[in-house]
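Reviewing the structure listed below.
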Amino acid sequence: MNENLLNRNYSLTWFEEKYIDLLEMSPREDSFQDLIVYPLIDSILANKIMNEYDIVDSKNFRQFNTIEHDRRKYSVLTKAVPDMLIAKDFFYKNRNPKIQELLQVRLTFEIKEPNSNEMLNGSLKGDCGKYYKNSLYLEIVPSLWKNGRSILTNLRRWHFFDIAGMKDKKYDELRNEIKEYILIQELCGFDNIDECYNKNAGKKGNPSYVPTAEALNNHRDQLYNAIIKNREMHEMIHNALDSDVSINAFRNIQKDADNYYFESIREFLCESESCDPIDLVRNEGKMVVDRVGNLDDNNSKVITDISDLDVNVADWNMLISYIDKFI
């Protein structure tokens, strides 16, 4: 089956060997994305009979907007940039609104390295007795809401999220909570080019962008006039901005929203899963590589060769098949 979906260079054995090599020599998130996830997805896309989408490696895009690039169509300025996009008509130089309108994002990726404590030994729904780190839920939801579909993986476990399955009326209240949360986050973020000035202009070092008084007042007015049905959050916003219209006030509102809506955010992610997570490698215990058997580490699972990963061929085939359908 996989021969029809993947370039023959990207087999299960390739995955296992590359996984161990990176775990031993370069156990960084960027390495696993660049040398495993990217080529794997690229191969699946290349083998589709009809494909209009490309991979956009967005992991190193700046958190803030630049003079060339505005990321607000596919992400939220107060939150992390997705690691990768599958998109059509993506142009980095997109300040022209007509160019932005062309963009169609099929889905986003959030990628963690296999030993990242954000996912390790936990689960999305806490059904193993431990949830993932709170920061992970807050990281994924904004881009999922903006684009509709996301994949989360630490290379061991793969999650697939699709909010298209949440159109039933029973999800109305939950969707409205997330809609409010995203609106608040968006109004707490500022475009560095159109709404800020660089207080380090003419000085050495990195720029330091500060919102203008006009931008601060404009965002305050938008938050005041926003339809926030949750009375407690509505009052928190007004109390914060009545006394202090500054960037710190907006940052505090952003953090308050993270805390206030968190349970809804976690529930939203759990309900938007389009299938059960697919585990290639057990998501338990830190892994270290020791090819010669000299390492004494009682707190980690020691890997000497690919057999120690214990990857099931059927799980690999299921993963490749599902990714192909999902993208």
Side-chain angles (χ1 to χ4, degrees), residues 1-2 6 9-41 43-44 59 80 83-84 109-140 150-161 266 269-270 273 275-323 326:
M1 174 189 70
N2 289 340
L6 284 174
N9 292 326
Y10 301 116
S11 63
L12 172 56
T13 301
W14 163 81
F15 171 86
E16 293 170 320
E17 290 176 346
K18 186 64 69 175
Y19 181 102
I20 292 176
D21 286 346
L22 295 178
L23 203 60
E24 180 181 30
M25 295 181 289
S26 184
R28 299 179 302 110
E29 181 179 303
D30 287 2
S31 299
F32 285 94
Q33 174 174 331
D34 294 344
L35 298 174
I36 296 183
V37 180
Y38 190 108
L40 183 67
I41 302 304
S43 180
I44 293 174
K59 66 179 180 297
D83 289 319
M84 281 182 7
F109 279 82
E110 188 57 46
I111 300 160
K112 303 298 178 184
E113 54 93 1
N115 286 332
S116 170
N117 64 6
E118 290 178 277
M119 291 180 66
L120 191 61
N121 300 320
S123 67
L124 185 76
K125 300 178 180 180
D127 44 14
C128 67
K130 179 184 176 183
Y131 286 102
Y132 294 149
K133 294 287 186 180
N134 288 1
S135 58
L136 190 60
Y137 300 87
L138 297 171
E139 191 173 354
I140 298 168
S150 293
I151 293 177
L152 165 68
T153 183
N154 62 353
L155 283 293
R156 301 182 184 212
R157 174 173 292 165
W158 296 70
H159 287 282
F160 299 83
F161 304 101
R266 186 156 62 189
L269 269 183
C270 293
E273 271 200 295
C275 68
D276 290 335
I278 299 175
D279 283 5
L280 286 186
V281 182
R282 290 188 65 182
N283 193 43
E284 298 175 6
K286 181 180 178 182
M287 287 183 169
V288 295
V289 177
D290 180 20
R291 300 181 192 269
V292 294
N294 291 331
L295 188 64
D296 183 17
D297 189 340
N298 295 326
N299 296 318
S300 304
K301 179 178 180 179
V302 177
I303 305 297
T304 58
D305 58 41
I306 63 174
S307 64
D308 293 326
L309 294 178
D310 194 27
V311 180
N312 188 298
V313 175
D315 290 335
W316 170 258
N317 288 336
M318 179 168 59
L319 174 66
I320 300 306
S321 178
Y322 201 84
I323 291 175
F326 200 70

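Every heavy atom of this structure was used, including side-chain atoms; hydrogens, water molecules and symmetry mates were not. The residues of the chain are indexed from 1 along the displayed sequence.
Here the side chains of I278 and F160 are in contact, with some heavy-atom distance below 4.5 Å. Side-chain contact between E118 and E139: present, with at least one pair of heavy atoms (C-beta onward) separated by less than 4.5 Å.
Rounded to the nearest 0.5 angstrom, N154 CG and E29 CD are separated by 10.5 Å. To the nearest 0.5 Å, atoms CG (D279) and CH2 (W158) are separated by 12.0 Å. Atom-to-atom distance recorded for D21:CG and S31:OG is 11.5 Å, nearest 0.5 angstrom. Summarising the geometry, atom CG belonging to L155 is positioned 8.5 Å from atom CG belonging to L22; distances are rounded to the nearest 0.5 Å. In this structure, CD in E284 is found 10.0 Å from CE in M287, a value given to the nearest 0.5 Å. Here the straight-line distance linking atom CG of L40 with atom CD of Q33 works out to 12.5 Å at 0.5 Å rounding.
Considering D290, N115, V289, V288 as possible partners of S300, the one that fulfils the side-chain contact (heavy atoms from CB on, under 4.5 Å) test is V288. When each of E113, K112, K18 is tested with F32 by the rule side-chain contact (heavy atoms from CB on, under 4.5 Å), just one qualifies, namely E113. Of the options L319, V313, I320, a side-chain contact (heavy atoms from CB on, under 4.5 Å) to N317 is made by V313 and by none of the others. Checking each of F15, Y19, Y322 against W316 for a ring-ring contact (aromatic ring centres under 6.0 Å, His included) leaves exactly one that passes, namely F15.
With salt bridges taken as basic N to acidic carboxylate O contacts below 4.0 Å, one links D34 and K59.
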Contacts table for residues 128-136: side-chain donor-acceptor under 3.5 angstrom, sequence neighbours left out:
| residue | atom | partner | partner atom | Å |
| --- | --- | --- | --- | --- |
| Y132 | OH | R157 | NH1 | 3.1 |
| Y132 | OH | H159 | NE2 | 2.8 |

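M25 and P27 make their closest contact through C-CD, 3.8 Å (heavy atoms, listed as atom of the first residue, atom of the second, distance). Minimum heavy-atom separation, S123 to Y137: O-OH, 3.5 Å. Scanning both residues, F161 and L124, for their nearest heavy atoms gives CE2-CD2, 3.8 Å.
Residue pairs satisfying the ring-ring contact (aromatic ring centres under 6.0 Å, His included) criterion with at least one member in residues 283-306, sequence neighbours excluded, are absent.
Checking side-chain atoms of D83 against main-chain N and O of I111 turns up a donor-acceptor pair under 3.5 Å. R156 places a side-chain N or O within 3.5 Å of a backbone atom of P114 that can act as its donor or acceptor partner. N283 places a side-chain N or O within 3.5 Å of a backbone atom of M119 that can act as its donor or acceptor partner.
Atom CZ of R291 sits in a crowded spot, with more than 12 heavy atoms from other residues, nucleotides or ligands closer than 6.0 Å.
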